[in-house]
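Residue numbers count from 1 along this sequence.
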Amino acid sequence: MINYILQVVLFQVLFLAVYDFFLQKETFFKWNRFYLLLTPILAFVIPFLKFESLQKGVPNMYVEQLPTVFINPEAVILQTVEIESSINYLQIGFYSGIALFSIFFLIKLFKIMQLITTNEVVKSEKFKLVLLNKTASAFSFFNYIFIKRDFVEHKELSIIQHEMVHCKQLHTLDLLFFELLKIIMWFNPLIYVYQNKITLLHEYISDAEVVAQTDKKNYFNTILSQTFNVENISFINQFFKHSLIKKRIVMITKNKSKKMKQLKYLLLIPLVGGMLVLSSFEDKKESNIQEFPIIYEVISSNEIVENEIIENLKVEESSKVLKKNDTLIETLDVPFSEIENVPVFPDCTGTEEELKKCLQYGITNHVNKNFNTTLANKLKLESGVQRIYVMFKIDKDGNISDVKSRAAHKSLEDEAIRVVSSLPKMIPGKHKGNNVNVKYSLPIAFKVDGKSTKDEFPKYTKKSIDSLISENVNVDLPFAIIENVPVFPGCEGTEEELKVCIQENITNHVAKNFNSGLAKTLGLKPGIKRVFVIFKINKEGNITDVRARAPHENLEEEAVRVVSSLPKMIPGKYSGKPVGVKYSLPIAFKVD
């Protein structure tokens, strides 16, 4: 949403810049009116237009983003849920502004109605004259012309002629259109700029028609002869508005613009074309972040937590940690999206898609096992979810090179570089039979709390784990360091195939058994809702310690029920011994 608003504002700035520099001094008043009414609408619409041909014209991402490595996954998920459940002050402020500016608009409208009901109204065939006794004004609102009684008695007909043009050409509709935009985007100052410009343009249009029928000198005298108290209402056409009089006189005396200058309006073509390319580029750039699934489709924890963290950190102080790829992206030999054969992690086999997943698992596990998890707490960082962004290259010899990182502290950057640099040599990526360089970005997420929580994993070493297992102590290990994953009934194959199989079967089980009609009965607001479940497959293979967080207690209970009904499995193993393995399972669905 924020990205959309920024695009709208940017496009309106560009449209106004073209108007100011090339169009406003020309006498093509009707064309300018059309321009000022069309371009704010285009600014709202263009960000939604995603043409595939333009997206293909934008360079593909040269850097493949790996799934986020969660150093303490449960803590990160709980942090995310807490942020989501907190009050959305931005949303409250937005709707409060709409309510406030709606009230301002109704007050102005009430003032107009009050003038009509408290003054004499003279009806004619095409308009209605409202004769004002106290207010020395001349303005129009739809087919009502408000004018001081003295002007009528002194037969100041040019003023009435001027206001009749406003009525005939429905200029009030233009101003009300911008009043509506001011209510919806009350925080956008460019709407006020637009309204001021079209108000001035309305005066040019009316002046031009009146001057064509009357003497210019007499019309000037009418404008300048008296001083008037103007109604401070933004959606009426005011004849005597002091700030506009000088500009109106200058425009009245100006010679008509040559028709050749109408070619200036062709500037809209490259301008709109550039905006479409920009909006397509924005869409392409964000395609690395997968969309949430809809209607009870369960997805992997990496995907949904990645989205959750990014979205919530954007609301908070994202500028501190989400400066991803802003200085690190460099040109590659071949974009990842076009490479024919991805790099191969040691011992990985299978199809291209299986090799890609295996590479991701291999890098994730390596970082989880080797990253110094105690470092962050020693650095006294701000509490909350912290992120490290690492860029590296698997070069055409299969070596890890050009490792760079961005983090909240230099020590974290150095640690990330050390761990990633220690990745094993791989079979390099290939394109058209040649070895090529491939660049990756690797986000690492962890929670800095200043205190431990019961959900965090103990900081085991291999020696300590073996010692606890030999003493027959229950040990719960994070999925990233387990040697043999739990096996879902009916699954077979390599470790990587077993990982994929258990994820798919748990996903299918939840999607099949979750009460899909429950959310609709709870009165939840429309939008994407999330349930976060944490559970354990213990050393006997049973599902235990199931807990859930959701927007409603009934959703939590349903999630616990469904996950608890998972079948018994072959337990995970470490050093050949059964151990408990903890999982996090996000569930996303849409409430219409």
Side-chain angles (χ1 to χ4, degrees), residues 27 29-34 36-37 105-180 195-216 218-245 247-249 251-252:
T27 60
F29 302 136
K30 292 182 180 179
W31 282 87
N32 281 354
R33 181 187 180 191
F34 179 73
L36 290 176
L37 291 174
F105 173 75
L106 293 175
I107 291 173
K108 295 174 186 178
L109 198 61
F110 175 76
K111 289 177 67 176
I112 296 291
M113 297 300 105
Q114 193 175 40
L115 287 174
I116 294 173
T117 56
T118 58
N119 291 279
E120 182 183 352
V121 178
V122 179
K123 298 182 179 179
S124 69
E125 184 178 344
K126 295 182 179 179
F127 62 91
K128 299 175 183 178
L129 273 181
V130 180
L131 304 178
L132 306 177
N133 296 314
K134 298 180 180 179
T135 306
S137 295
F139 58 91
S140 61
F141 179 73
F142 285 112
N143 65 333
Y144 285 90
I145 297 176
F146 299 78
I147 188 168
K148 189 179 180 183
R149 185 183 295 272
D150 292 349
F151 297 161
V152 177
E153 293 173 355
H154 290 87
K155 298 184 179 180
E156 297 285 358
L157 298 181
S158 60
I159 299 177
I160 298 177
Q161 283 181 291
H162 178 99
E163 297 303 324
M164 284 177 62
V165 177
H166 290 313
C167 297
K168 182 176 65 176
Q169 298 197 12
L170 300 176
H171 289 172
T172 302
L173 287 178
D174 298 358
L175 299 178
L176 288 176
F177 167 69
F178 285 106
E179 284 295 315
L180 177 63
Q195 191 177 51
N196 289 337
K197 290 186 181 299
I198 203 162
T199 298
L200 177 59
L201 187 63
H202 287 165
E203 299 308 313
Y204 291 165
I205 293 171
S206 294
D207 288 340
E209 291 211 14
V210 175
V211 167
Q213 303 172 23
T214 60
D215 181 65
K216 282 187 180 181
N218 291 334
Y219 190 62
F220 288 158
N221 289 335
T222 301
I223 294 176
L224 299 173
S225 60
Q226 299 188 42
T227 302
F228 300 92
N229 297 318
V230 180
E231 291 290 337
N232 186 26
I233 300 175
S234 55
F235 53 84
I236 58 175
N237 294 106
Q238 306 169 9
F239 184 81
F240 295 101
K241 189 167 184 178
H242 300 283
S243 61
L244 304 183
I245 288 177
K247 294 178 181 178
R248 287 170 58 189
I249 292 174
M251 187 58 72
I252 290 171

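Side chain of Q161 to main chain of V210: no donor-acceptor pair is present (N/O by atom type, distance under 3.5 Å, no hydrogens or angles).
Rounding to the nearest 0.5 Å places CG of N196 at 12.5 Å from CG of L201. Rounding to the nearest 0.5 angstrom, the gap separating the CG atom in L115 from the CG atom in L132 is 6.0 Å. Rounding to the nearest 0.5 Å places CD of E203 at 10.0 Å from CD1 of I252. To the nearest 0.5 Å, atom NE2 of residue H162 and atom OG of residue S140 are 7.5 Å apart. Atoms NZ and CG, from K197 and L36 in turn, are 8.0 Å apart once rounded to the nearest 0.5 Å.
Remark: D174 pairs with R33, H202 by the side chain to side chain donor-acceptor pair (under 3.5 Å) rule, at least two apart or across chains. Evaluation of the ring-ring contact (aromatic ring centres under 6.0 Å, His included) rule for Y204 yields F29 as partners, not counting sequence neighbours. Not counting sequence neighbours, S124 has no partner by the side chain to side chain donor-acceptor pair (under 3.5 Å) test. F34 meets the side-chain contact (heavy atoms from CB on, under 4.5 Å) test with L38; sequence neighbours excluded. Under the rule for a side-chain contact (heavy atoms from CB on, under 4.5 Å), the partners of K123 that lie at least two apart in sequence or sit in another chain are V121, K128. Under the rule for a salt bridge (Lys or Arg N to Asp or Glu O under 4.0 Å), the partners of K168 that lie at least two apart in sequence or sit in another chain are E209. Applying the side chain to side chain donor-acceptor pair (under 3.5 Å) criterion to Q114, with sequence neighbours excluded, gives no partner residue.
Contact check for I205 versus Q169: side-chain heavy atoms found under the 4.5 Å cut-off. Looking at I145 and M164, their side chains come closer than 4.5 Å, going by heavy atoms from C-beta outward. Counting only heavy atoms from C-beta outward, the side chains of L180 and F105 never approach each other to under 4.5 Å. Between I116 and M113, some side-chain heavy-atom pair lies under the 4.5 Å cut-off. With a 4.5 Å cut-off on side-chain heavy atoms, F127 and I160 count as touching. In this structure, the side chains of L131 and N119 stay at 4.5 Å or more apart for every pair of heavy atoms. The shortest side-chain heavy-atom distance between F142 and I112 does not fall under the 4.5 Å cut-off. Side-chain contact between V130 and F139: absent, with no pair of heavy atoms (C-beta onward) separated by less than 4.5 Å.
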Assess the residue pair H166 and T172 against the criterion (side chain to side chain contact (heavy atoms under 4.5 Å, CB included)); give the C-alpha distance rounded to whole Å, side-chain angles, the decisive distance to 0.1 Å, and a yes or no. CA-CA 7 Å; H166 290 313; T172 302; over 6 Å; no
L109 vs F141, test: side chain to side chain contact (heavy atoms under 4.5 Å, CB included). Steps then yes/no. CA-CA 10 Å; L109 198 61; F141 179 73; 3.9 Å; yes
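Pairing each heavy atom of A138 with each of E163, the nearest pair is O-OE2, 3.8 Å. Residues Q195 and T199 approach most closely at O-OG1, 2.7 Å, considering heavy atoms.
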